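All chains are named by letter (A, B, ...) in the order of the sequence lines, taking the proteins before the strands, and each is independently numbered beginning at 1. Bear in mind the structure is a predicted one, so any value in this text is a computation, not a measurement.
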There are 2 protein chains.
Amino acid sequence: MSGKANISESLAKGLAILDLFGVEDAGFTLSEIAARVGISKTSAHRYVTTYCEQDYLARDPRSGLYRLGVRTLALAQSMIETSELVRGLRPFVDEAAARHGIHIDVALLSRDAVYLVYRRDSADTRVFRSFSYASSLHYLAAGKAAMAFMEPRALAGIMSRLQLTAKTDRTITDKAVLEAELAEARELGYAKNNEESLPGLIAIGAPLFSLRTGEVVGAVSFDSSTATYSMQELERLFAGYLVELAKKISAVVSL
Amino acid sequence: MSGKANISESLAKGLAILDLFGVEDAGFTLSEIAARVGISKTSAHRYVTTYCEQDYLARDPRSGLYRLGVRTLALAQSMIETSELVRGLRPFVDEAAARHGIHIDVALLSRDAVYLVYRRDSADTRVFRSFSYASSLHYLAAGKAAMAFMEPRALAGIMSRLQLTAKTDRTITDKAVLEAELAEARELGYAKNNEESLPGLIAIGAPLFSLRTGEVVGAVSFDSSTATYSMQELERLFAGYLVELAKKISAVVSL
DNA sequence: AACTGTCGTTCCGCCAGCCGGAACACCCGG
DNA sequence: CCGGGTGTTCCGGCTGGCGGAACGACAGTT
């Protein structure tokens, strides 16, 4: 059956199990997994034990529920470390951060979330940390930058699925308001976050494009405490440069 | 055939593909994957396309090599966010960080590396970021703390596999020296990192144990610039407290 | 205590679908 | 033009995934 391609049904079902695990779900029982994926308990058991063997899943010792295991962290780390995009943009981001004394975040877009893959801390010679920090789209400068510049069809799909959960009292929870902001971002070339994810934290973000397909693949962003800069200052001082940086990266780095 | 358990051979082979991807390897060609895993190109193709379909793998557009995809980041994020251990230890770490005005890192042990899963930044009310930053063991306070207190057999296995790559000129590259340091750490109750991962950065780390099995599962650590504290000061001021914190967490949190 | 409802685990016969060899289309360097 | 390297598709053979059913353990209810 199924659509088209030459895919492994077993592996696909295995991955369907991993798909169950979101950021809010605490864990699942074996029967639950079987029911949600639509396979027998027997099969679910076989898959799950295979995952556990390799630390991709683990059983919570007290609740008995199945959770994601530590092995998943290694995958993410490897992904980030070997990503051509991340490697390629480091010099640009580091240079920009050093020159302007600011820290810059780089996020990649996948499905309905952005993933922070690189942060260059500001002036002081601290570690260059690469990490993965996932989040939804609507309350982040990077997320809104990505949404603003993606193709309309993809955006429509995301908008229909997006839960506009409030992180602060300034988080946008109305789709019409969000649409209007995205339109403004398209005009400006960058998106803003006005204390929508955390009180006292503002940010601006500019989109990264794929050299090959022309689609949005992520965003660079710069956040600041409201005590340091106002949004007006942030835009006046850094927005132009951030957009330039994003363009420079998009022009050079692959993906 | 095979050893024992009720395992899905297909999924196991699929996971074996993911195992290929380390932090240094740039990417693989399909034939390479097939050869390394020990399956036919046909099967490898089926697995790989299945992975690509779900963004677990992706083809680098210019080199044509298969790489890890962005989906792996989402898994790691979900793992961290839903981890009982991480959730449980947050209050302790936050309290400790706030009281002493320091930032504390929490790392989990898996196989031959530690994964940073939580960092609480110091006094200022910055974001609590959870992220995954993987690393080897021998040049980190957290890594050495974990090694020092793991059971001898597991340690022997790791020691035999460990590549003592140098990150700075003070990184320990001699196994005998490392053994001696681990012995010292066992005595002290905590491990040190004396500019072994980055010049000017020192740290101390204390092990976390599983309440159930008694084994080491990770470590808490605290790092500082040499400009702020000397190693002697670090030990005198914070070591006792860090060890206490680790004990408190080990006693309360599951896993 | 016995009953009832979960859970995870194991056994087993059946047939879906994984398997790998071979042939294919492609691109590049000689 | 050809030889060696990709990735891709086709196909028959048979492995191993499949789910129903039965089992042992545990927890809550009666």
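Distances shown here put a side-chain N or O of B/Ser43 below 4.0 Å from the OP1 or OP2 atom of C/dG20. For D/dT8, the OP1/OP2 oxygens have a side-chain nitrogen or oxygen of B/His45 closer than 4.0 Å.
B/Arg59 has its CZ atom 13 Å from the P atom of C/dC27, to the nearest Å. In this structure, CG of A/Leu30 is placed 15 Å from C1' of D/dA25, rounded to the nearest angstrom. In this structure, CD of A/Glu53 is placed 12 Å from P of C/dT9, rounded to the nearest angstrom. Atom pair A/Ile7:CD1 and C/dC19:C1' shows a separation of 17 Å (rounding to whole Å applied). Going from atom OH of B/Tyr66 over to atom P of D/dT6 covers 12 Å, rounded to whole Å. Between the C1' atom of D/dG7 and the CD atom of B/Glu32 lies a distance of 14 Å, rounded to the nearest Å. Across the protein-nucleic acid pair, B/Asn6 atom CG and D/dC18 atom P stand 11 Å apart, rounded to whole Å.
Among the nucleotides D/dG17, C/dT10, C/dC7, the one closest to the side chain of B/Ser8 is D/dG17. Counting only heavy atoms from C-beta on, A/Glu9 has its side chain closest to C/dG17 among C/dT9, C/dG17, D/dG17. Considering only the side chain of A/Arg46, D/dC18 comes nearest among C/dG17, C/dG20, D/dC18.
Heavy-atom distances to DNA chain C give each of A/Lys13 and A/Thr29 a nearest nucleotide, and the one nearer the 5′ end belongs to A/Thr29.
The stretch residues 35-42 of chain B comes close to DNA chain D through B/Lys41, B/Thr42, each having a heavy atom under 4.0 Å from the strand.
Taking the six-membered ring for Trp and the full ring otherwise, the centers of B/Tyr66 and B/Phe21 sit at least 6.0 Å from each other.
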